[in-house]
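Structure first, commentary second.
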Amino acid sequence: MEEFVDDWISQRVKEYHSHELWRGTGDMGRDVTGYVSVNRLEGDWDNFQCKQLTSKLSERSAFVELGKIFMHAANGEFALPRAYYFIAPYGLVRTVRDFIAQPEKFRQAFLKSWDTEIAPHLVQNKLIQMTPAIEAKIKTFDFTKIDWLDATRLANHPACKLALVKWFDEDPGPWTRSTVPDTIQASESAYISQLLNVYSEKGPGIYHDAGAALACPQIGPNLRLQRTRFFDSVAFERCYRDSTPKEYLQNFRDEIYHGVVDLYEGEHTHRYARLGQVMQQAAVLQASGVLGKYASPPVKQGTCHILANEGLLSWDQ
C-alpha cells in the first residue's frame, strides 16, 4: 500500500515539490510524506498514513496513528503536517468518519481519549502521558485538515492512473490525435532537415527548406504524411507520459527501434527507398504491453522520426 501511495503522490507535481516513502519501525507515524517546498519537513508537508487492513479502520487505530504525529512533533522531531490523510482500503468505521466531518468534536474526543485509548499504545511497553507540549500541538493543529480515502476514492483521484497501471495493469485508455501545425516546429527540425536531404537526393529538385519541399507536387504529399505521423507519435507520448510509468514509453521506443533497425541498416537503392521500407515495417510491428494496444501504424511510424531526431535512425546517413 505504501509503495502504491508513493507512486500516486509522485504524479501530483503541481502540489508537491517532492515526496518520501518511510518504511518499518521508526517512521514516527509517517508512511508517505508529500513536501510542498525544498524545506521538506521543516516547511509545509502532508502526511499519508496507510493501513493495510481487511476491515474498516477502527477508532482506536485512527487515534493512535494520529497520536504518534502529535507525540513526535511535541518532541521536536518535525513540524506538524499541513494535512493528514488516512489511506484505508476498506474505509473507516462510522465514528471516525463522523469525527472527521466534525473537526472540533474530533479534537475534543481525541483529547478526552488520550489517557485510555492512546497513551498505552503509542510506544510498546510504555505509557505516554499527556504533556503540555503534546496538548499544545493537539490544540494548535487544524483538525479540518484531516481526511480519508478508501480504495474507491483513491482509484478515482485524477493522479492515480499511473499507479493503477503499474500495480494492477489498469487500462490507461486511448489517446487523442492532435492537429499538425501549419508551421514547422523546433521539435521536428532535426528529422525534417534529414528528410530534405533525402528528398534532394531523389529529386526532382533540391530542397533547402521545408516550404520548398511542401510546394513540390512530387515531394509535398510525402512530407505532409511524415509530419502527420510525427505529431501522432507526439500526442501518443504526451498522453501516456502522465498515465503510465516512464519505462513504458522507453520500452515502446526500444521495441520500435529493434523492429526496424536491421532493415534500416540493410542495402537499399537509395535513401528514399529506405525511408519507405522502414515506414512499411514500422506500420506492421506489434509492440507489447498496454501501449501496443493503442499504438496505431502512424504512431509507430512517427516514433521512427522521434528516433531520427535523437540520431538513432538518421534518414540522411
Exercise for the section: Measure from the side-chain N and O atoms of R177 to the backbone N and O of A235, and report whether any donor-acceptor pair falls under 3.5 Å. Expected result: no
Handout entry: Cluster check V261, F252: I/L/V/M/F/W/Y, side chain < 4.5 angstrom
Key = yes
Practice task
Could you tell me the separation between the OG atom of S193 and the NE2 atom of H208, rounded to the nearest 0.5 Å?
Solution key: 13.0 Å
Exercise for the section: Enter the distance from K137:NZ to T131:OG1 here, rounded to the nearest 0.5 Å. Expected result: 10.5 Å
Handout entry: Flag for R274-Q277: side-chain donor and acceptor within less than 3.5 Å
Key = no
Handout entry: Flag, side chain of E59 to backbone of V93, donor-acceptor distance under 3.5 Å
Key = no
Fill in the blank from the handout: Contacts of Q281 meeting side chain to side chain donor-acceptor pair (under 3.5 Å) (sequence neighbours excluded), chain-then-number -> none
Problem - Approximate separation, where rounding is to 0.5 Å, of K166 NZ and D169 CG - result: 12.5 Å
Handout entry: Audit row: D232, W175, side chain to side chain contact (heavy atoms under 4.5 Å, CB included) steps and yes/no
Key = CA-CA 9 Å; D232 273 0; W175 59 285; 3.8 Å; yes
Problem - Distance in Å, L122 CG paired with Q124 CD, rounded so as to fall on 0.5 Å steps - result: 12.5 Å
Problem - Minimum-distance pair of heavy atoms, taken over all atoms of L92 and R97 - result: O-CD, 3.6 Å
Exercise for the section: Using a strict cut-off of less than 4.0 Å between a Lys/Arg side-chain nitrogen and an Asp/Glu carboxylate oxygen, indicate whether E310 and R253 qualify as a salt bridge. Expected result: yes
Residues 39-48, side-chain donor-acceptor partners within the protein, below 3.5 Å, at least two apart:
| unit_1 | atom_1 | unit_2 | atom_2 | d |
| --- | --- | --- | --- | --- |
| R40 | NH1 | V38 | O | 3.2 |
| W45 | NE1 | A79 | O | 2.9 |
| D46 | OD1 | R82 | NE | 3.0 |
| D46 | OD1 | A83 | N | 3.3 |
| D46 | OD2 | Y16 | OH | 2.6 |
| D46 | OD2 | R82 | NH2 | 2.8 |
| N47 | ND2 | G29 | O | 3.2 |

Handout entry: Close side-chain approach of F70 and E135, heavy atoms under 4.5 Å
Key = no
Problem - Closest contact, heavy atoms only, P221 versus C216 - result: CD-O, 3.9 Å
Practice task
Kindly state whether the ring of Y248 and the ring of Y240 have centres lying under 6.0 angstrom apart.
Solution key: no
Exercise for the section: Quick one: closest heavy-atom pair of S233 and T303, and the distance? Expected result: CB-N, 3.6 Å
Exercise for the section: Salt-bridge test for D316 and R271: reply yes if a basic N is under 4.0 Å from a carboxylate O, no otherwise. Expected result: no
Practice task
Could you tell me whether a side-chain N or O of Y264 sits under 3.5 Å from a main-chain N or O of S314, the two making a donor and an acceptor?
Solution key: yes
Problem - Over-ring placement of R107 relative to F141, 6.0 Å and 45° cut-offs - result: no
Handout entry: 4.5 Å side-chain heavy-atom contact, Y207 and N197
Key = no
Practice task
Would you sort out whether H72 and F78 count as a side chain to side chain contact (heavy atoms under 4.5 Å, CB included), showing the intermediate values?
Solution key: CA-CA 7 Å; H72 289 294; F78 43 69; 3.5 Å; yes
Handout entry: Presence of salt bridge, K56 and D150, under 4.0 angstrom
Key = no
Practice task
Could you state whether V299 and V284 fall into the same hydrophobic cluster, counting links through intermediate Ile, Leu, Val, Met, Phe, Trp or Tyr residues with side-chain heavy atoms under 4.5 angstrom apart?
Solution key: no
Exercise for the section: Output yes when a side-chain donor or acceptor of K161 lies under 3.5 Å from a complementary backbone atom of T244, and no otherwise. Expected result: no
Exercise for the section: Over all heavy atoms of both residues, which pair between C304 and V260 is shortest? Give the atoms and the distance, please. Expected result: SG-CG2, 4.3 Å
Handout entry: Flag, side chain of S113 to backbone of F110, donor-acceptor distance under 3.5 Å
Key = no
Completion exercise
Scanning both residues in full, the closest heavy-atom pair of D242 with L162 reads O-CB, 4.2 Å
Practice task
Answer yes or no: is there a side-chain heavy-atom contact under 4.5 Å between S243 and V165?
Solution key: no
Exercise for the section: Would you mind reporting whether E15 and I9 have side-chain heavy atoms less than 4.5 Å apart? Expected result: no
Practice task
Could you tell me which non-hydrogen atom of A210 sits nearest to which non-hydrogen atom of I192, and how far apart they are?
Solution key: CB-CG2, 4.1 Å
Exercise for the section: Would you check if H270 and L275 make a side-chain contact, meaning some heavy-atom pair closer than 4.5 Å? Expected result: no
Problem - Any side-chain heavy-atom pair of D254 and Y257 under 4.5 Å - result: no
Handout entry: Side-chain donor-acceptor contact under 3.5 Å, E20 with Y35
Key = yes
Practice task
Decide whether L21 and L149 are clustered together by the hydrophobic rule: side chain heavy atoms of Ile, Leu, Val, Met, Phe, Trp, Tyr closer than 4.5 Å, transitively.
Solution key: yes
Problem - Linked, directly or transitively: Y85 and L80 (ILVMFWY side chains, under 4.5 Å) - result: no
Problem - Hydrophobic cluster identity match, V278 and L225, side-chain contacts under 4.5 Å - result: no
Practice task
Starting from the C-alpha separation in whole Å, work towards a yes-or-no answer on side chain to side chain contact (heavy atoms under 4.5 Å, CB included) for M71 and I118.
Solution key: CA-CA 11 Å; M71 177 183 68; I118 303 171; over 6 Å; no
Exercise for the section: Taking the side chain as every heavy atom from C-beta outward, state whether F236 and T176 have any atom pair closer than 4.5 Å. Expected result: no
Practice task
For residues F231 and Q185, determine if any side-chain heavy atom of one lies less than 4.5 Å from a side-chain heavy atom of the other.
Solution key: yes
Practice task
Assign the ring pair W315 / H305 to parallel, tilted or perpendicular, where the plane angle (0 to 90°) is split at 30° and 60°.
Solution key: perpendicular
Practice task
Measure the spacing between CD of E265 and CD of Q317 and express it to the nearest 0.5 Å.
Solution key: 10.5 Å
Practice task
Verify, without hydrogens or angle tests, whether R227 (side chain) and R224 (backbone) share a donor-acceptor contact under 3.5 angstrom.
Solution key: no
Exercise for the section: Give a yes or no on whether the ring-centroid distance for F63 and F99 is below 6.0 angstrom. Expected result: yes
Exercise for the section: Look up atom CG in D6 and atom NE2 in H19, then write down how far apart they are to the nearest 0.5 Å. Expected result: 5.0 Å
Practice task
Spell out, as yes or no, whether a donor-acceptor pair under 3.5 Å connects the side chain of Q194 to the backbone of A308.
Solution key: yes
Practice task
Test D171 against K293 for salt bridge (Lys or Arg N to Asp or Glu O under 4.0 Å), laying out the working first.
Solution key: CA-CA 10 Å; D171 190 330; K293 175 181 178 180; 2.6 Å; yes
Handout entry: is_close_aromatic(Y191, F230), centroid dist under 6.0 Å
Key = yes
Problem - Within 45° cone of W8 ring axis and under 6.0 Å: R12 NZ or CZ - result: yes
Problem - Residue pair I138, W114: steps toward the side chain to side chain contact (heavy atoms under 4.5 Å, CB included) verdict - result: CA-CA 11 Å; I138 297 170; W114 186 274; 4.1 Å; yes
